[in-house]
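Just so we're on the same page: letters track the sequence lines, and every chain starts at 1.
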Protein chains: 2
Amino acid sequence: MVNFNEIPMFANLDKKFHKELHDSIYMKRFTKNSIVFYEGDESDYFYILLEGTIRLFKTSPKGSQVQINRMKAPTMIGEYACFEKEPFPATCEFITDGVIGLLHFDKIYKYLDDKEFSLGLIKSLTSKVILLSSLVHKETILSSEAKVADLMIEKISIFNRLRNNEIAAILNLTPETFSRIISKFKKESIIIVENNKLKILNSEALYIIVETNTVKECTNCIANFKKQLQLEGKL
Amino acid sequence: MVNFNEIPMFANLDKKFHKELHDSIYMKRFTKNSIVFYEGDESDYFYILLEGTIRLFKTSPKGSQVQINRMKAPTMIGEYACFEKEPFPATCEFITDGVIGLLHFDKIYKYLDDKEFSLGLIKSLTSKVILLSSLVHKETILSSEAKVADLMIEKISIFNRLRNNEIAAILNLTPETFSRIISKFKKESIIIVENNKLKILNSEALYIIVETNTVKECTNCIANFKKQLQLEGKL
DNA sequence: TGGAATCTCATTAAAATTAACCATAACCCT
DNA sequence: AGGGTTATGGTTAATTTTAATGAGATTCCA
């Protein structure tokens, strides 16, 4: 049973449409790792993620995956592709089990008479633009180190929730590169791991990394060296 | 004098609004190379490009520019940033002389009552999503060679209209890399330049480059070598 | 008006950088 | 113990950076 009040786009849609929505929406259940649609597919349906988490990714000719983003229910997927009658630019895969609601484009068109619905759709689209534009920023401006530093600043919780493999995928880095960067940050005393929780010791350094795209080799080396000498009573 | 019928978003807006638009729009003239707004600026105004051509680009910490796209009048610029109250993700610079119309966000909000206007705005947003998603594709999936090949397939005219410098900027390549790729394509007899016009000799090869991301080193070398030998009568 | 000086753009080569790729070892946990 | 995960070393590929050069155009001024 779908509660449209929970879905931002439909929440403010005139209630008279809700009954009709219930009748015209087609529900489909997916298991973990199953594919909702492939990059290049076309569709006349809106995909509404009602339950679970999905990820969108592109596949390069060599087979490597570039992750666009992860999305949690409730949200709309690929609505612009439908509006523009364009093929999906990415593959959609479930990370968990979940449910997708399918709604034919023709229905949507009718709802645009409702200002609140239009506004909801516009909001949904603008948030996609923001998302893509931040992706462009990450992929074109930030170096690998800056990507990691940026994620630490923005969403430190991810580092304690997900495996390093998955974080690397989110950042479109190889696990090796990611691991090396983490090691480097530890060596620089920018971060530390205490009882399996990552803690930021020097957030100033992280900001500098994001802004300049580089970690100065051994920022704290001299300071550490002095401390070492002090401990040994030589200073 | 602005003709709103020429601007897709306003064209279908109820005519009763046109008079009001004329009164509330603030026109600003720009010269070539002047900046409309900088990456990070915020604004409560819609920017409507009425005359001329602009380009949007990001600047990396090292000072290099990543071009997002070029746009010709008439079009809307950065409408999503305004909707989301987000800073502009890129700098906007005039390539030619031109005119921008500024319209306060509050006005826009009112026009959303008009379904055609909403739809126009939605269209404008979806086209931005498509644009960004194709940019993501170019920057994350395509190799340098594939980028050039792709542009040759999609818009050969650009190669005869713009300087190599500018084409390189559009593709976010250094002029050197771009030049090398062009030389390579010539050597591979994929393209040829006749009276300053670039012509594609082997479009099949271009498609293969885009799909596989690589030019097989000297695809035609063996064939050419055989031909050479035949000409010399040694075969 | 001719020609030197200056600029811009294009090309080429060599060096440096970044991050992926490959292989292998270490590490955990259940 | 063994599979998934993480770490690390060595190598390679792609592209940028730096530098040098050339080819046209433009300016400037005697």
Measuring only between side-chain heavy atoms, which start at C-beta, is A/Q65 closer than 4.5 Å to A/R55?
yes
Side chains of B/E79 and B/S124, donor plus acceptor under 3.5 Å:
yes
Start with the C-alpha gap between A/Y47 and A/F88, add the side-chain angles, then the distance that decides, and say whether ring-ring contact (aromatic ring centres under 6.0 Å, His included) holds.
CA-CA 11 Å; A/Y47 288 73; A/F88 292 117; 5.7 Å; yes
N or O in side chain of B/S144 less than 4.0 angstrom from D/dT15 OP1/OP2:
yes
Using a 4.5 Å cut-off on heavy atoms from C-beta on, say whether the side chain of B/L56 contacts that of B/M71.
yes
A/T212 side chain vs A/I208 backbone, donor-acceptor pair below 3.5 Å:
yes
Quick one: B/N165 CG to D/dG24 P, roughly how many Å, whole number?
17 Å
Take the protein atom CG of B/N172 and the nucleotide atom P of D/dT17, then report the distance between them rounded to whole Å.
12 Å
Contact check, side chains of A/L50 and A/P74, non-hydrogen atoms, under 4.5 Å
no
Please give, in whole Å, the distance from D/dT16 C1' to B/Q65 CD?
16 Å
Does NZ in A/K85 sit with more than 12 non-hydrogen atoms of other residues, nucleotides or ligands closer than 6.0 Å?
yes
Expected rows: protein N/O vs nucleotides 9-12 of chain D N/O, under 3.5 Å:
residue, atom, partner, partner atom, Å
D/dG9, N7, A/R180, NH1, 3.1
D/dG9, O6, A/R180, NH2, 3.4

When rounded to the nearest 0.5 angstrom, what is the spacing between CD in B/E51 and CZ in B/F30?
12.5 Å
A/S179 or B/T177, whichever maps to the more 5' nucleotide of DNA chain D
A/S179
Looking at side-chain heavy atoms only, is the closest gap between B/P87 and B/F37 below 4.5 Å?
no
Between D/dT17 atom P and A/N213 atom CG, what is the distance in whole Å?
12 Å
Round to the nearest Å and state the distance from B/E139 atom CD to D/dA14 atom P.
17 Å
What residues from residues 145-153 of chain A pass a heavy-atom cutoff of under 4.0 Å to DNA chain C?
none
Rounded to whole Å, please give me the gap between CZ in B/F178 and P in D/dT16.
13 Å
Considering only heavy atoms of chain B and a distance under 4.0 Å, specify the first and last nucleotide of DNA chain C in 5' to 3' order that meet this criterion.
C/dC9 to C/dA14
Using the closest heavy atom to pick a nucleotide of DNA chain C for each, name whichever of A/L142 or A/N196 lands nearer the 5' end.
A/L142
Using a cut-off of 4.0 Å on non-hydrogen atoms, how would the nucleic acid contact of A/S64 be classed: base, sugar-phosphate, or nothing?
nothing
Atom CG of B/L171 to atom C1' of D/dT16: distance rounded to whole Å?
16 Å
Can you confirm whether B/Y45 is buried at OH, in the sense that more than 12 heavy atoms of other residues, nucleotides or ligands lie under 6.0 Å from that atom?
no
Quick one: is D/dT16 close enough that its OP1 or OP2 comes under 4.0 Å of any side-chain N or O from B/T174?
yes
Any side-chain donor-acceptor pair under 3.5 Å between A/T126 and B/E84?
yes
Could you give the CG-to-P distance, from A/L173 to D/dT6, as a whole number of Å?
14 Å
Please verify the inter-ring angle class for A/F83 with A/F46; under 30° counts as parallel, over 60° as perpendicular, anything in between as tilted.
perpendicular
